[in-house]
Asks: 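Just dropping this structure here.
In the text below, chain A, chain B and the rest are named by the order of the sequence lines, each starting its count at 1.
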Protein chains: 2
Amino acid sequence: MITLTEENYIKAIYHLASNGEKTVNTNAIAAVMQTKASSVTDMIKKLSEKSYVDYKKYQGATLTDDGKRVAVNIIRKHRLWEVFLVEKLNFSWDEVHEVAEHLEHIKSDKLIDELDALLEFPSHDPHGDPIPDKEGNFKHIEKIMLAKAEAGSTYKCVGVDDTSSKFLKYLDSNSIALGTIITIKHKEPYDNSVKIAFENTEIVVSQNVAKNIYLKKV
Amino acid sequence: MITLTEENYIKAIYHLASNGEKTVNTNAIAAVMQTKASSVTDMIKKLSEKSYVDYKKYQGATLTDDGKRVAVNIIRKHRLWEVFLVEKLNFSWDEVHEVAEHLEHIKSDKLIDELDALLEFPSHDPHGDPIPDKEGNFKHIEKIMLAKAEAGSTYKCVGVDDTSSKFLKYLDSNSIALGTIITIKHKEPYDNSVKIAFENTEIVVSQNVAKNIYLKKV
DNA sequence: AAATAATTTTAGATTAGTCTAAAAATATTT
DNA sequence: AAATATTTTTAGACTAATCTAAAATTATTT
């Protein structure tokens, strides 16, 4: 049996490992889990005993294949529920994350498989993130940060990194959504802001924003 | 903040109070919660401090208005999720209870209101139990136990008491469902079994079964 | 109304997850 | 390479929910 807390730690380790190094350090986990390093050490030991992570003292943690399987399954559930909330329950993309954080822990294979079918096997969630299939395979989409896009080129918006309500509402208020076709007009070296054009509009976005939008060349 | 465990105790007390006396004793709660009387005492004290139950030592517990409000809200969520599982995810009525036990604890008003709308504001769950509205009002259906129905009369099946998978599968295998029109052919005084007729069939059901089926005169 | 039985509560211990404060190990600076 | 800073771990304590065993109360029987 795996507890709710264990699942959340595994998920945190998975996310930390996927955007960066493969071995995850204690403080980083503590930051994500909003807890103290000492608590993380305790939990890592427990997860290590249960074979969800490999752990050597002072050397950080990495997920085992078993741990990865658990993480991907939770992510599958989280993203399917997000699609459900948007498609069937009229949630907007900035409202789904928190509720999905709870729904993702419900354990029932039939529930998830039928939900998947009801939604017609969606490949991406409302933020553009890929949804793993039953076996845990995802289609990796090649995408680049807006911050790294080249001036003069045109792209399609295919995802966001920050899924906080605040950021998504900012995008809404600027009419940027998944699928929006964006041309890079100018990259300002001084503050790394970027001038972009789409649908008769031209706006300048900060570096912070530019790092949280993913594009694909068109 | 109310914990998962507290919610489950409140629900248990509500159900125990609604089929019988208004004051619920410690051992009865322990039986429902599959725990020991001493644990129940501890929890009742805690719920009493939080004003969800009235409690005097050795005198059992009763829900306060606040406690009832919590209980009815959980029941609303439970029954809406059951309808969702049957109507949208192809669950059968014997599969829904366990999953709904978990889904009922997800806290989001928007989630439940939108779910209610998606299901077109159902009045009853898959077992015939009424679904409270947002304000906690349910329409009380007048119904009688099959065991108390009178010989010679005709009724419609409107509910079941036991929602265990075992019992519901028994009903399925005998083609008894909500809405089935049943005529009482004979009540056997020896063992309180009942001979019933419906749709070209005649079967005898035991007293145990007869006590778990609810009928309404037609 | 005693005696006995059943129920309920208390006292003290246990587990999961957390914390603080101090110690140990590793990394960085000088 | 020694000193300092940072990170991680340990030790011991705390809370929520549970348990066992014993004590207290209430209910039932004789």
Asks: Which of the following nucleotides, dT9(C), dC19(C), dA25(C), is nearest to the side chain of Y58(A)?
Replies: dA25(C)
Asks: Taking OP1 and OP2 of dT10(C), is either one under 4.0 Å from a side-chain nitrogen or oxygen of K57(B)?
Replies: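 Affirmative; the distance criterion is met.
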Asks: Distance check needed: dA16(C) C1' versus E49(A) CD, whole Å only.
Replies: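 E49(A) atom CD is separated from dA16(C) atom C1' by 13 Å.
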Asks: Check this one for me: any side-chain N or O of T35(A) less than 4.0 Å away from OP1 or OP2 of dC19(C)?
Replies: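 Checking dC19(C) against T35(A), a side-chain N or O does come within under 4.0 Å of OP1 or OP2.
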Asks: Indicate whether any N or O donor in one side chain lies under 3.5 Å from an N or O acceptor in the other, for D172(B) and W93(B).
Replies: yes
Asks: Between dC19(D), dT8(D), dT8(C), which nucleotide gets closest to the side-chain atoms of T26(B)?
Replies: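 Closest nucleotide among those given: dT8(C).
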Asks: To the nearest Å, how far apart are I2(B) CD1 and dA16(D) C1'?
Replies: 14 Å
Asks: Would you mind telling me which of dT8(D), dT18(C), dT9(C) lies closest to the side-chain atoms of Y55(B)?
Replies: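 For the Y55(B) side chain, the nearest candidate turns out to be dT9(C).
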Asks: According to a strict under-4.0 Å criterion, is K36(A) in side-chain N/O contact with OP1 or OP2 of dT8(D)?
Replies: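 Checking dT8(D) against K36(A), no side-chain N or O comes under 4.0 Å of OP1 or OP2.
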Asks: Let's see if you can work this out: which of dT9(C), dC19(C), dT8(C) has an atom nearest to the side-chain heavy atoms of N25(B)?
Replies: dT8(C)
Asks: Return the 5'-most residue of the pair Q59(B), D42(A) with respect to DNA chain C, ranking by each residue's nearest nucleotide.
Replies: Q59(B)
Asks: Return the value, rounded to whole Å, for the distance between atom CE of M43(B) and atom P of dT18(D).
Replies: 5 Å
Asks: Which whole-number value in Å describes the distance from I44(A) CD1 to dA16(C) C1'?
Replies: 17 Å
Asks: Among dT7(C), dT10(C), dT10(D), which nucleotide sits nearest the side chain of N27(B)?
Replies: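 So the nucleotide nearest the side chain must be dT7(C).
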Asks: Rounded to the Å, how far apart are K45(B) NZ and dA11(C) C1'?
Replies: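 My rounded result for the distance is 10 Å.
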Asks: Using only modelled atom types and a 3.5 angstrom limit, is any donor from either the side chain of S38(B) or the base of dT18(D) paired with an acceptor on the other?
Replies: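 Flag unset: no donor-acceptor pair detected.
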Asks: Are H97(A) and H78(A) near enough that their ring centres are under 6.0 Å apart?
Replies: yes
Asks: Using heavy atoms to find the nearest nucleotide of DNA chain C for S39(A) and A28(B) separately, return the residue whose nucleotide is more 5′.
Replies: A28(B)
Asks: Rounded to whole Å, please give me the gap between CD in E6(B) and C1' in dT15(D).
Replies: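 About 13 Å, once rounded to whole Å.
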Asks: Within this structure, what is the NZ-to-P distance between K56(B) and dT9(C), rounded to whole angstrom?
Replies: 13 Å
Asks: If I take atom OG from residue S164(A) and atom NZ from residue K169(A), how far apart are they, to the nearest 0.5 angstrom?
Replies: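 One finds 10.0 Å between OG of S164(A) and NZ of K169(A).
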Asks: Does dA16(D) have its OP1 or OP2 closer than 4.0 Å to a side-chain nitrogen or oxygen of Y9(B)?
Replies: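 Negative; the distance criterion is not met.
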Asks: Measure from the ring center of F84(A) to the ring center of F84(B) and say whether it is less than 6.0 Å.
Replies: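 Yes.
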Asks: Are side-chain N/O atoms of H105(B) and N8(B) paired as donor and acceptor at under 3.5 Å?
Replies: yes
